[in-house]
Amino acid sequence: MYKNKPILLVVMDGIGFSETGVGDAVTMAHTPVLDKLLAESPNTRLKAHGEAVGLPGDDDMGNSEVGHNALGCGQVYSQGAKLVNEAIESKKLFAGEAWGELVNNCNTLHFIGLLSDGNVHSNIAHLFNMLREAKKSGVKRARVHILLDGRDVPATSALDYVEKLEDVLAELNDSGFDGKIASGGGRMKLTMDRYQADWAMVERGWKTHVLGDERKFNSAKEAIETLRSENAGIIDQDLPGFVIAENGSPCGTINDGDSVILFNFRGDRAIEISMAFDYDEFNFFDRVRRPKVCYAGMLQYDGDLKLPARFLVNPPEIKDTLSELLVANNINQYAVSETQKFGHVTYFWNGNRSGKTSETLETFKEIPSDKISFDLRPWMKSAEITDDLIEAIRSGKYGFIRCNFPNGDMVGHTGNLAASIIGVEVVDLALARLIPVCEEHGVTLIVTADHGNADEMLEKDKKGNLALRTAHSLNKVPFIIYDKDNDYKLLGGDYGLANVAPTLAKMFGLTPPASWEKSMI
């Protein structure tokens, strides 16, 4: 029988095992601690994408949100794209009350969202289905405000998606329907901030989409080509905002009597723009004017905040989380990360709940992230997170401590291979500092990841040339147990992230809910 000890779970965000060796910042990095753990400690490789985390198929890359959902609840729920796919295929989305409110008697129906098929924040197919159904529902005028990806899809693929959208609009446009692209810009430049890290991004999006107050072009294609030519080496996610004009005026500002759909399904980067539309009391930036619109999200992005109030598809109702099990057994928990991933070890970990399961048994610590491109400071807040973890361990207050080191993911998304190598190395340095403290205070260390990213920084394009890759990978991730007092044996099997919570429950000597996956020990 294993000794029940406090457990520290370290999530090395975006650090997986490469299968190609192409642009593998994880292997290229100097990681003596991780190498030793993999050589000497019980470990296995977990599936962190596709059906293992509730996504439609195994070509769908995982992400930090669904990854932390699975880690924290021990179960596989239909997620994001799969939920929306099911709602569209069954026509439930279009039969719902929210859809009727949006399309009935609106002057213009606006769509805002990530123009991508990356299936992480959005899927362009959902937009196309809604445009077609809007016309059938009697909508006469539609405007699309496109956010360019280059992060979950190839870095400079925006024009491919613009062309597809223009083709659909051309198919729909006739004397009774007028659909156009109205504005756009890179996802890391406007609109899609998260965790209130940079409200200026949201303000730029508001000015672009709502007010039409941005540089004007005749078409999205012209805007993208011009902005690329003026900013050498820029990738889609960083392109400045733009507005499409007709006769010198914006072709699609958002006004009283309009309807607006945010067609992203992932919550973290949808909350702030939803606040700007939904909240009466709002002081994060000057909205100049707030049009009286019917606003809806693809999903409700925060159930506790009821945000947005109107939404098209119900999010997964995640029950029986690990936090609930630990609270029921009076085990104190501590969660820490920097701003970029704080919501992942709290909100997403706890089943998409912004509050705590227990105010007395859960402690959350957010360390403010730097407001700078992460490739310029790839160590991010790893040292501060490690300092905080060491203090939490030494306090002796907590039975379960969890953290997220964002470096492999956030630096990996910049496409900077050299910086990503440093990002991986600083996580290894954090492990070097944590291991002796765990030994001294009798703590079991678990090391895992939520998905891959830094392990695959390059890919071959259609011509066979190496191209920059900023998206997550489809690679498996590590699961490692470091414990000097217990001789843990990992059972053979094909495991995913949802098997982590049952394994932790067994280490604690607790009986998991019947709905959970199997333990790995």
Side-chain angles (χ1 to χ4, degrees), residues 5-15 31 33-34 37 46 48 64-65 67-72 195 268 321-323 326 331-350 356-357 361-370 374 378-411 423-439 441 443-451 453-454 477-483 497 500-501 503-504 507:
K5 298 168 58 176
I7 295 174
L8 167 62
L9 176 75
V10 172
V11 179
M12 306 184 299
D13 209 300
I15 294 180
T31 54
V33 180
L34 183 58
L37 287 172
L46 305 179
S64 297
E65 290 66 38
H68 284 78
N69 278 167
L71 286 167
Y195 309 143
D268 60 340
T321 65
L322 177 61
S323 289
L326 297 181
I331 295 176
N332 270 302
Q333 303 172 63
Y334 188 83
V336 61
S337 187
E338 61 177 279
T339 304
Q340 287 295 325
K341 298 292 180 175
F342 173 69
H344 296 78
V345 293
T346 55
Y347 170 81
F348 291 106
W349 182 278
N350 278 348
K356 296 176 181 177
T357 305
L361 291 173
E362 286 185 295
T363 301
F364 298 162
K365 176 67 174 290
E366 177 183 358
I367 296 171
S369 289
D370 295 320
F374 299 115
W379 44 88
M380 300 180 67
K381 294 297 182 182
S382 59
E384 290 86 345
I385 294 171
T386 307
D387 291 342
D388 195 75
L389 287 170
I390 290 172
E391 183 178 344
I393 293 168
R394 287 175 174 166
S395 75
K397 295 178 182 178
Y398 308 104
F400 179 53
I401 301 171
R402 61 182 180 268
C403 74
N404 180 299
F405 287 103
N407 310 67
D409 187 41
M410 298 310 298
V411 185
V424 174
E425 291 176 344
V426 297
V427 175
D428 196 72
L429 179 59
L431 294 175
R433 294 181 60 202
L434 290 169
I435 286 174
V437 182
C438 288
E439 290 178 342
H441 293 272
V443 173
T444 301
L445 173 65
I446 305 294
V447 180
T448 190
D450 53 347
H451 58 77
N453 185 334
V477 301
F479 177 82
I480 306 167
I481 305 173
Y482 180 79
D483 190 322
L497 296 181
V500 172
T503 305
L504 296 177
M507 290 178 172

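Numbers here simply count residues along the sequence, with the first being 1. Quick note: numbers below take in every heavy atom, side chains included, and nothing from hydrogens, waters or symmetry partners.
- Rounded to the nearest 0.5 angstrom, Y334 OH and T363 OG1 are separated by 7.5 Å.
- Closest heavy-atom contact between P406 and I385: CD-CD1, 4.3 Å.
- Closest heavy-atom contact between A430 and F405: CB-CZ, 3.6 Å.
- Interatomic distance, L326 CG to I7 CD1, rounded to the nearest 0.5 Å: 8.5 Å.
- With values rounded to the nearest 0.5 angstrom, N453 atom CG is found 13.0 Å from M12 atom CE.
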Practice prompt. Apply the test side chain to side chain contact (heavy atoms under 4.5 Å, CB included) to residues I393 and C438: give CA-CA distance (whole Å), side-chain angles for both, the deciding distance (0.1 Å), then the verdict.
Written response: CA-CA 7 Å; I393 293 168; C438 288; 4.2 Å; yes
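- For the pair D13 (side chain) and G408 (backbone), a donor-acceptor distance under 3.5 Å is absent.
- With contacts defined as side-chain heavy-atom distances shorter than 4.5 Å, the pair V11/V345 does not qualify.
- In this structure, N407 and G423 approach most closely via the heavy-atom pair CB-O, 3.4 Å.
- With hydrogens and angles disregarded, a donor-acceptor distance shorter than 3.5 Å links the side chain of N69 to the backbone of F348.
- Contact check for L434 versus I390: side-chain heavy atoms found under the 4.5 Å cut-off.
- A donor-acceptor pair under 3.5 Å is absent between the side-chain atoms of T31 and the main chain of E425, judged by distance alone.
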Worksheet entry | Test side chain to side chain contact (heavy atoms under 4.5 Å, CB included) applied to K5 and V443, step by step | CA-CA 6 Å; K5 298 168 58 176; V443 173; 5.9 Å; no
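- A donor-acceptor pair is defined here as one N or O able to donate and one able to accept, closer than 3.5 Å; no such pair exists between the side chain of D370 and the backbone of K381.
- Atoms OG1 and CD1, from T444 and I481 in turn, are 8.5 Å apart once rounded to the nearest 0.5 Å.
- Aromatic ring pairs are classed by plane angle as parallel below 30°, tilted from 30° to 60° and perpendicular above 60°; the pair W349 and F400 is tilted.
- Taking both residues in full, the closest heavy atoms of L497 and A449 are given as CD2-O, 3.3 Å, listed atom of the first, atom of the second, then distance.
- Residue I446 is tested with T503, L504, D483 for a side-chain contact (heavy atoms from CB on, under 4.5 Å); the sole match is L504.
- Annotation: side chain of N350 is not in contact with side chain of K356 (no heavy-atom distance under 4.5 Å).
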Fill in: side chain to side chain contact (heavy atoms under 4.5 Å, CB included) between N404 and H68, intermediate numbers included
CA-CA 10 Å; N404 180 299; H68 284 78; 3.2 Å; yes
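- Contact check for T346 versus E366: no side-chain heavy atoms found under the 4.5 Å cut-off.
- Contact check for D450 versus H344: no side-chain heavy atoms found under the 4.5 Å cut-off.
- In this structure the side chain of S323 reaches within 4.5 angstrom of the side chain of R402, judged on heavy atoms.
- In this structure a side-chain-to-backbone donor-acceptor pair under 3.5 Å is present from D428 to V33.
- Put simply, CG on L431 and OH on Y482 are 11.5 Å apart, with the number rounded to the nearest 0.5 Å.
- Looking at every heavy atom in both residues, V336 comes nearest to L389 through CG1-CD2, 3.5 Å.
- With sequence neighbours excluded, no residue forms a side chain to side chain donor-acceptor pair (under 3.5 Å) with E391.
- Pairing each heavy atom of F374 with each of M410, the nearest pair is CE1-CE, 3.6 Å.
- The CG atom of L429 sits 13.0 Å away from the CG atom of L34 when rounded to the nearest 0.5 Å.
- Between the S369 side chain and the Q340 main chain, a donor and an acceptor come within less than 3.5 Å of each other.
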